[in-house]
Amino acid sequence: MLPTPKKFFVTSAGAEGHSKLTAFDNALLKARIGNVNLLRVSSILPPGCVYDPDLVIPEGSLVPVAYGSIVSDVPGETISAAVGVGFSEDTFGVIMEYSGKCTAEEAKEAIRQMVAEAFATRKMNLVDMKVAVTQHKVEKIGCAFAAVPLWY
Amino acid sequence: MLPTPKKFFVTSAGAEGHSKLTAFDNALLKARIGNVNLLRVSSILPPGCVYDPDLVIPEGSLVPVAYGSIVSDVPGETISAAVGVGFSEDTFGVIMEYSGKCTAEEAKEAIRQMVAEAFATRKMNLVDMKVAVTQHKVEKIGCAFAAVPLWY
Amino acid sequence: MLPTPKKFFVTSAGAEGHSKLTAFDNALLKARIGNVNLLRVSSILPPGCVYDPDLVIPEGSLVPVAYGSIVSDVPGETISAAVGVGFSEDTFGVIMEYSGKCTAEEAKEAIRQMVAEAFATRKMNLVDMKVAVTQHKVEKIGCAFAAVPLWY
């Protein structure tokens with residue numbers, strides 16, 4: 001089987017670029033995960049997975065990651081992305097992602113509700129939550145990005 | 001290299017949620033793969049990969065999966081998702097995914113044609129097919145989901 | 001951790017199909033990666049990753065891949081997809097993907113600019129670039145696909 005991740009952190013950033021993909025790339029760089037290979041996952045915090053905000057991941061690594069992202073080429077538009085990790089008492093957690101044409105506060109509120117719903121559905125107690133959010137005002141082509149990288 | 005999966009099953013479910021992502025999450029839970037990390041793949045059944053409908057996958061695992069999914073927030077709308085696994089006599093198989101605003105029967109028929117075309121193109125004999133399909137009528141925000149999880 | 005890829009090649013192809021997914025499948029087959037499981041990544045060439053155009057990947061393998069793809073069901077439409085790998089002198093490279101309703105030349109030019117921007121942002125010297133591009137004129141349902149498969 002594929003090895004289950006043991007560590008995680010949360011990160012977010014907004015950036016501009018000359019194209020939609022380079023705006024995304026620039027947001028990844030500002031979020032400190034621009035030089036790895038993101039493998040998008042949907043999206044559980046494995047049991048025992050430990051928060052490590054100083055994690056340094058070797059360049060080019062295959063990195064499982066849950067993320068929300070939005071790109072816009074409408075100057076002046078406000079875009080936001082958020083992720084939330086909900087923690088249970090003693091087992092796995094649940095990760096939610098959100099992005100939209102809204103403020104950081106609205107994205108954060110959406111995430112809080114989604115994480116709460118995910119725990120309610122599973123009949124699990126939500127004991128804590130970690131959220132990362134970013135709001136970006138588009139100049140030409142902008143990206144708002146928020147992620148939970150999982151690592152070993 | 002990444003280890004090649006050895007087992008698979010097929011699953012599908014429809015569900016409601018308070019948001020599009022939690023509707024998706026709820027469909028995953030009903031489909032018995034809500035507590036793992038889905039890694040979406042496109043989409044071959046490895047040679048020798050064995051059908052195991054009782055597979056239990058540890059929570060938080062990275063699970064390669066082929067899936068079709070549709071989310072709708074139009075009350076009353078009928079949505080469906082289907083997957084099909086086509087089997088050859090003695091080598092790999094081919095997985096196809098479909099989702100749309102249609103009935104289960106239509107999704108199933110689309111899948112059958114796609115699997116047949118995939119085998120015809122490869123000049124391979126299609127000896128059997130396994131299909132999973134779900135139809136969901138949207139109340140507020142609904143998701144139809146069908147998947148072929150691959151495992152070890 | 002997941003093993004970091006050691007080899008890569010570039011490939012591209014256009015194809016028709018009876019559905020959007022089988023058009024994509026047929027393009028993958030023409031691009032020589034139709035019988036593996038593509039795991040989409042975003043998109044760094046790991047340090048030391050070696051170009052191997054004759055790479056043969058076992059059927060059903062999980063293959064990390066960066067790709068651009070477009071499907072169209074508008075007869076007569078011209079669609080293109082391109083990928084570019086930018087090489088640094090002595091460390092990792094950067095992969096960019098592009099697809100659109102344009103010619104191969106336009107897709108190639110877009111890729112060149114994106115790779116150049118990615119290196120400029122990172123304050124790295126771009127010493128070489130490898131590009132794969134395909135242009136396809138849609139008959140009924142067509143796909144243009146370009147990819148950088150990563151392997152071991």
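All values below were derived from every heavy atom in this structure, side-chain atoms included, with hydrogens, water molecules and symmetry-related copies excluded. Letters A, B, ... mirror the listed sequences (proteins, then strands); counts begin at 1.
- At least one side-chain heavy atom of Phe92(C) sits less than 4.5 Å from a side-chain heavy atom of Asn35(A).
- A heavy-atom distance below 4.5 Å is not found between the side chains of Glu117(C) and Asp25(A).
- Between Val41(C) and Leu62(A), the closest side-chain pair of non-hydrogen atoms falls below 4.5 Å.
- Taking CD1 from Ile44(C) and CD1 from Ile33(A), the interatomic distance works out to 11.0 Å, rounded to the nearest 0.5 Å.
- No side-chain donor-acceptor contact under 3.5 Å links Arg40(C) to the backbone of Arg40(A).
- Side-chain contact between Met1(C) and Ser61(A) is present, with heavy atoms from C-beta onward closer than 4.5 Å.
- Glu97(C) touches chain A through backbone and side chain together, each having a heavy atom under 4.5 Å away.
- Here the straight-line distance linking atom CG of Leu28(A) with atom OG of Ser42(C) works out to 5.5 Å at 0.5 Å rounding.
- With a 4.5 Å cut-off on non-hydrogen atoms, Pro3(C) touches chain A through its backbone but not through its side chain.
- Pro46(C) and Gly60(A) get closest at one heavy-atom pair: CG-O, 3.6 Å.
- Looking at Asn37(A), both its backbone and its side chain come within 4.5 Å of chain C, counting heavy atoms on both sides.
- Heavy atoms closer than 4.5 Å to chain A are found in the side chain of Leu150(C), but not in its backbone.
- Residues Leu2(C) and Leu2(A) have side chains in contact (heavy-atom distance under 4.5 Å, counting atoms from C-beta outward).
- Side-chain atoms of Met96(C) and Thr22(A), non-hydrogen and from C-beta on, do get closer than 4.5 Å to each other.
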